2 protein chains.
Amino acid sequence: MATIRDVAKKAGVSVTTVSRALNGYSDVNEKTREKIKMIAQELNYSPSLLARSLVMKKTKTIGLLVSGLRIEGSKDNFTFEVLCGVNDCAGELGYELVLISTDSKKQQEKTYNQLCKERKVEGVILQGIKTDDPYLDEVLKSDIPCILIDIPIESDSVGYVTTDNKGGAQTAVQHLSDLGHKHIGMINGHSQAFVSRERLAGYQAALKKNDIPFNKDYVINGAFLEETAEVETTKLLKQHPEITALFCASDLMAMGAMRAAKKMGKTLPNDLSVVGYDNIILSAYSTPSLTTIAQSRYKLGFEATTLLTNMLEGKAEEKNKVLQTTFIKRESSTENHG
Amino acid sequence: MATIRDVAKKAGVSVTTVSRALNGYSDVNEKTREKIKMIAQELNYSPSLLARSLVMKKTKTIGLLVSGLRIEGSKDNFTFEVLCGVNDCAGELGYELVLISTDSKKQQEKTYNQLCKERKVEGVILQGIKTDDPYLDEVLKSDIPCILIDIPIESDSVGYVTTDNKGGAQTAVQHLSDLGHKHIGMINGHSQAFVSRERLAGYQAALKKNDIPFNKDYVINGAFLEETAEVETTKLLKQHPEITALFCASDLMAMGAMRAAKKMGKTLPNDLSVVGYDNIILSAYSTPSLTTIAQSRYKLGFEATTLLTNMLEGKAEEKNKVLQTTFIKRESSTENHG
DNA sequence: TTGAAAGCGCTAACAC
DNA sequence: GTGTTAGCGCTTTCAA
């Protein structure tokens, strides 16, 4: 591995000059610069980002900290699409990206701060964390700039990006109401998710607006899991056969819910209208295809990175961003025939 | 940020001792070690991996170099699942993971060697690269240890991991033949993919074994894209209405092929049997669900990492691994009714 | 069992 | 314009 010294020696100049030449400083003779560039190329030299970071105390690196990076994630692709967004934005802005994944086991070994300081990431984007995760406290106490995805908390060093979950949910339920449904159930995620609370609020708001009384027995948790949603939906529909429509807090749970309904002998969407949330790939391919609220995970990642780098570079802008959702009508919702 | 010096000062010892104490060397008084550990914790000290790597000339970091990390990848999840496998294995073995993504634009700016040397990755896993990509030459010339995914090339510093593509394809086509199909088309990927060549070989082998003549007009390329496959399938089926079965080199293309058939008024699987390759999530949810050859992208990533770290640690083992596939029967294939 | 000193590859004051 | 020097935070000889 050629170092800066090798280049300097061969060019007959000092390492300083090489450094300056290669980094585009103006106070260096153009001829010298050319020569140095030539030699650098000859020697196949590339500067060590390590050494540079050490002396500059800047790594130009951000970390994407994912809690629970698991293969199951491929069903909704949340993490992957966020990653794409982060990667694209970071790339554009010249930041390196390191992927930090943790799970409860790892978290016992290393604190959030350790994880970040070790690798000298300048800032962090946090995805997939529950509101009762101990890391969240650490994040808020830490002075490492951080953007939370889908957790609307803000502090000096912490911002967030999320979508208009309440609005999205409201749109979904309004749609069902517009179709004439009066008995609308909800399959929510879990209480440790902000988005679940918001989506529930949206559900309630829509009911209220349409003078439909809120019945708490109509709302169950599916843990954002397809299987759990299937099981819970079966229970719900058995207990409340008057339900003709379901709003699910995720498309994946909607898949489970639809399967449950089918297994009970219901015909979709005639016997049961279902609206999901997310617009995952599957939702366009299922039978019936799923009416849903689309949110762009990619944008979530991209905007998170924009916010984070703004923070890092001291640009005094907003530290949070709320993205809008889009309603997508497909086959799984239809007029109330009940 | 507390440094090793801060700890040393507070503990009243030299930095050398702190280093030794914290890194578990035996030649340090246990009492001193305890004291140092205490103080380190107090100061919230975590050693700078940067500085350590610089002096040790070891980063314990591997890079996952992905060519074309794009949101479209969420349809087949190839990259994501490989990433999960790499991440899990790297985590187990104590390696850091950096994600390096390139595209043709970036490649003009930086060579493969630059990309890797800059970040001081000790080894690389390469995914998503075509056989005519200029990076591939560089990889083979470079002395940076590298594992290629799905490109069976080996050299001193290069190994690979792939699946038994020929065998998988053969199984798929044998299945169609067993169902009585005589006119079996193939939607292949593109010629710049080794897997395409292998799968074609498997297709031909199965035909031969069953005394079905090979007709090159029956094989078309769908570029591994759903839309292209749809367009090309339409042409193929119009030109050769005698075809009753299709083997597709990817599930995604199988989706396109099925859509094409449906649009032509065919009933699936009665008018046309389709077998895919990959076992992506979608294949279980489509209508009809897709018979396919399953390959584990996760294992691909995991095994790649195992091979790579073995190389890095000088363990003289095989530098390649071929994983087996699994045949998965679903609804899209049935007996020849033609 | 501990410490002093050198050095990893680089950048940045400060001279000249 | 260019070189000298110091130092980023750490590990590792070599002495003591």
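These figures come from a predicted structure and were not determined experimentally. Side chains are part of it too, since the values below use all heavy atoms of this structure and drop only hydrogens, waters and symmetry mates. Residue numbering restarts at 1 for every chain, and letters A, B, ... go by the order of the sequence lines.
Here the C1' atom of nucleotide dC8(C) and the NZ atom of Lys120(B) are 11 Å apart, to the nearest Å. Straight-line distance from the NZ atom of Lys60(A) to the C1' atom of dT11(C): 17 Å, rounded to whole Å. Counting to the nearest Å, the P atom of dA4(C) and the CZ atom of Arg5(B) are 12 Å from each other. One interatomic measurement links the two molecules: CG of Asn23(A) to P of dA13(C), which rounds to 14 Å at whole-angstrom precision.
A 6.0 Å sphere centred on CZ of Arg33(B) holds more than 12 heavy atoms belonging to other residues, nucleotides or ligands.
Residue contacts for Arg20(A): at a heavy-atom cut-off of 4.0 Å it reaches a base atom on one of the strands shown. Residue contacts for Asn29(A): at a heavy-atom cut-off of 4.0 Å it reaches the sugar-phosphate backbone alone, with no base atom in range. Heavy atoms of Thr3(A) sit under 4.0 angstrom from primed sugar atoms or phosphate atoms, though from no base atom.
Judged purely by distance below 3.5 Å, without hydrogens or angles, the side chains of Ser74(B) and Glu81(A) pair a donor atom with an acceptor atom. Side-chain contact, Tyr298(B) with Asp88(B): a donor N or O sits under 3.5 Å from an acceptor N or O. Side-chain contact, Thr162(B) with Asn165(B): a donor N or O sits under 3.5 Å from an acceptor N or O.
For dA12(C), the base has no donor-acceptor partner in the side chain of Ser19(A) [N/O atoms by modelled type, under 3.5 angstrom].
Side-chain atoms of Ser14(B) lie closest to dG3(C) of the nucleotides dA12(C), dC10(C), dG3(C).
A pairwise comparison of heavy atoms in Ala8(A) and Ser14(A) identifies CB-C, 3.8 Å as the closest pair.
Comparing Thr17(B) and Lys57(B), the nucleotide of DNA chain C nearest to each residue sits closer to the 5' end for Thr17(B).
Salt-bridge check for Lys315(A) with Glu313(A): passed, with a basic side-chain N closer than 4.0 Å to an acidic carboxylate O. Using a 4.0 Å cut-off between charged side-chain N and carboxylate O, Glu122(A) and Lys60(A) make no salt bridge.
A heavy atom closer than 4.0 Å to some atom of DNA chain D occurs in Leu54(A), Val55(A), these being the qualifying members of residues 39-56 of chain A.
Contact annotation: the side chain of Ile149(A) approaches that of Ile125(A) to within less than 4.5 Å [non-hydrogen atoms, C-beta and beyond]. For the pair Tyr135(B)/Leu115(B), a side-chain contact is recorded, criterion being any heavy-atom separation below 4.5 Å from C-beta on.
Close approach of DNA chain D to chain A, defined as any atom under 4.0 Å from a non-hydrogen atom of the protein, starts and stops at dG1(D) to dG9(D).
Contact between the side-chain N/O atoms of Tyr25(B) and the OP1/OP2 oxygens of dT2(C) is not found at any separation under 4.0 Å.
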